[in-house]
Amino acid sequence: MTRTEQEYNYRLLKQKQLEDNSRYLTQIDYKGSQLSSHFQIDPAVYPPKDVGGKIFYFDIDNTLYSQKFQINLQMQESIIDYMVNIIHFDDREEARGVLEEYADKYGLSLIGFMKDYNVDPENYNLFVDDSLQLNNLLKPDKKLRKLLLTLKLDYNFDKLWLFTNSYKTHALRCVRLLGIADLFDGITYCDYYNLGNNIENKHSILCKPNIPIYEKLKLESGLDDWKHAYFVDDNLYNVQTAQRLGMKRCFHLVTEGNINRDNNSKDIVKINTLSDVLKFV
């Protein structure tokens, strides 16, 4: 099979997966599958600061859903498929090595692909993230829903906010499938389509753990002071930035198979399940 034929077949497969995912998402109607009417996304004007308001910020991938689903591995293989079929790497192991290098160097592998291979972020997002087969993996999570409701109702959090390095389509798809979309007040995400002006300076890229996206998070969510913020993420680097900024409580979610360097900071709370946050808020 020629490379042209290989790429053509790959594009056909991805198109079918995208159509299936879109159809499935339009059909679900269970509790929590739809965003609330007040959900904030891409605000034209930043909201006024909620003086004294408490906000809990949640990472999504491998945080709101369990690593046992191995979606991170599916995502990794999806990126490698893209590298082989679109960028035309000859070998999957070579592609895997480059992927790891980019993830370590930039925090977001897409940056490396844009810099070195002129990859179109819109095309990448569709084929890599939006085509993921999640429909049979992510189902309504009653335990998670109860936890989020407890934070809002019993622990008096004014807002629950999504904070992710994924693009908004993947992020919102996940919380809708989990049946918790209606409990969140907004999202701050990595805008793949507007990374171009920042890729020459990795520290200015609007993705975790770089400070500029935390500053955007604060503005978009209406937080008045970091001392009123709580944050949980499975990536220690992301949590360390939050801790340095002065968030009141920072949680590092560490589960089996979560490879991350040791957390030796007394100011970062290590937890093994998301429900453990209730012990420290």
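The analysis underlying the following values was restricted to heavy atoms, covering all of them including side chains, and did not include hydrogens, waters or symmetry mates. Positions are given from 1 along the sequence.
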Over all atoms of both residues, closest heavy-atom pair of L108 and C207 = CB-SG, 4.1 Å
Check whether any side-chain heavy atom of F251 sits under 4.5 Å from a side-chain heavy atom of L274, and report yes or no.
-> no
Indicate the atoms forming the closest heavy-atom contact of P47 with E220, along with that distance.
-> CG-O, 3.3 Å
Identify whether L73 and M75 are in the same connected component of the hydrophobic contact network (ILVMFWY, side-chain heavy atoms under 4.5 Å).
-> no
Can you name the side-chain hydrogen bond (donor to acceptor under 3.5 Å, both in side chains) partners of S36, sequence neighbours left out?
-> H38
Got a donor-acceptor contact below 3.5 angstrom from the N272 side chain to the V254 backbone?
-> yes
May I have the step-by-step check of side-chain contact (heavy atoms from CB on, under 4.5 Å) for F163 and S221, ending in yes or no?
-> CA-CA 10 Å; F163 184 29; S221 62; over 6 Å; no
Using the test side chain to side chain contact (heavy atoms under 4.5 Å, CB included), find all partners of K248 that sit at least two apart in sequence or belong to another chain.
-> Y230
When rounded to the nearest 0.5 Å, the distance separating CZ of F56 from CG of D185 is 13.5 Å
Set of residues satisfying salt bridge (Lys or Arg N to Asp or Glu O under 4.0 Å) with respect to K54, sequence neighbours excluded = none
Heavy-atom closest pair, residues Y155 and V281 | CD2-CG2, 3.3 Å
Check against side-chain contact (heavy atoms from CB on, under 4.5 Å), Q76 and L99 | CA-CA 8 Å; Q76 183 181 71; L99 174 59; 3.7 Å; yes
Got a sec, which residues hit side-chain hydrogen bond (donor to acceptor under 3.5 Å, both in side chains) with D141, two or more places apart in sequence or on another chain?
-> none
What pairs with F69 under ring pair (Phe, Tyr, Trp, His ring centres under 6.0 Å), at least two apart in sequence or on another chain?
-> none
Decide whether Y8 and L13 are clustered together by the hydrophobic rule: side chain heavy atoms of Ile, Leu, Val, Met, Phe, Trp, Tyr closer than 4.5 Å, transitively.
-> no
What do the steps show when you test L162 against L64 for side-chain contact (heavy atoms from CB on, under 4.5 Å), and what is the final call?
-> CA-CA 10 Å; L162 300 165; L64 285 178; 3.7 Å; yes
To the nearest 0.5 Å, what is the distance between CD1 (I80) and CG (N85)?
-> 11.5 Å
Residue D91 excluded, over 12 heavy atoms near CG under 6.0 Å | yes
Heavy-atom check, side chain of L137 versus side chain of Y65, under 4.5 Å | no
Rounded distance [0.5 Å steps], CZ in F58 versus CG in L144 | 8.0 Å
Considering all heavy atoms of both residues, which atom of R145 and which atom of G179 are nearest to each other, and what is their separation?
-> NH1-O, 2.9 Å
Qualifying residues under side chain to side chain contact (heavy atoms under 4.5 Å, CB included), relative to T241, sequence neighbours excluded | P209, I211, Y214, R244, L245
Excluding sequence neighbours, so at least two apart, what forms side chain to side chain contact (heavy atoms under 4.5 Å, CB included) with V119?
-> Y82, I87, L110, F113, Y117, Y124
Pair listing, salt bridge (Lys or Arg N to Asp or Glu O under 4.0 Å) test, anchored in residues 59-85, at least two apart | D59-K208, E77-R92, E77-R96, D81-R92
Note: I187 and A171 closest approach over all heavy atoms is CD1-CB, 3.6 Å
Taking the six-membered ring of Y189, is the NZ or CZ of K216 close enough (under 6.0 Å from the centre) and on axis enough (within 45°)?
-> yes
Is the NZ atom of K139 crowded by more than 12 outside heavy atoms at less than 6.0 Å?
-> yes
For D225, what residues pass the salt bridge (Lys or Arg N to Asp or Glu O under 4.0 Å) criterion, not counting sequence neighbours?
-> none
List for me each residue that meets salt bridge (Lys or Arg N to Asp or Glu O under 4.0 Å) alongside D224, sequence neighbours excluded, and say none if there are none.
-> none
Expected output: side-chain Q74 to main-chain Q133 donor-acceptor under 3.5 Å | yes
Just checking, is any N or O donor in the side chain of T2 or T4 under 3.5 Å from an acceptor N or O on the other one?
-> no
Tell me whether L219 is reachable from I55 by hopping between hydrophobic residues (I, L, V, M, F, W, Y) whose side-chain heavy atoms are closer than 4.5 Å.
-> no
Going through the checks in order, is the side-chain contact (heavy atoms from CB on, under 4.5 Å) test met by Q17 and K14?
-> CA-CA 5 Å; Q17 291 173 342; K14 290 299 176 181; 3.4 Å; yes
Judged by atom type as modelled, is there a donor-acceptor pair below 3.5 Å linking the side chain of T26 to the main-chain atoms of R23?
-> yes
Got a sec, which residues hit side chain to side chain contact (heavy atoms under 4.5 Å, CB included) with R11, two or more places apart in sequence or on another chain?
-> E7, I86, N123, F127
Within-4.5 Å side-chain heavy-atom neighbours: L236 and I268 | yes
Is H252 reaching over with its side chain to a backbone N or O of V269, donor-acceptor style, under 3.5 angstrom?
-> no
Looking at W226 and L223, what are the two nearest heavy atoms and their distance?
-> CE3-CD2, 3.5 Å
Among residues two or more places apart or on two chains, list those pairs meeting salt bridge (Lys or Arg N to Asp or Glu O under 4.0 Å) that have a residue in residues 154-173.
-> D42-K168
Evaluate the side-chain proximity of L172 to F39: yes if any heavy-atom separation is below 4.5 Å, no if none is.
-> yes
Between CG on residue N165 and OG1 on residue T188, distance to nearest 0.5 Å | 11.5 Å
Spacing of I60 atom CD1 and S166 atom OG [to the nearest 0.5 Å] | 5.0 Å
Indicate if L217 and Y46 have the same hydrophobic cluster label, given that clusters are the connected sets of ILVMFWY residues with side-chain heavy-atom separations under 4.5 angstrom.
-> no
Please answer whether the main-chain N or O of Q34 pairs with a side-chain N or O of R176 as donor and acceptor at a distance below 3.5 Å.
-> no
Which value, rounded to the nearest 0.5 Å, describes the distance between T63 atom OG1 and D233 atom CG?
-> 5.0 Å
Check: C190 and L195 side chains under 4.5 Å, non-hydrogen atoms | yes
Within-4.5 Å side-chain heavy-atom neighbours: T255 and D234 = no
Side-chain heavy-atom pair K105, K115 within 4.5 angstrom cut-off = no
Indicate yes or no: at least one non-hydrogen side-chain atom of T150 is less than 4.5 angstrom from one of F157.
-> no
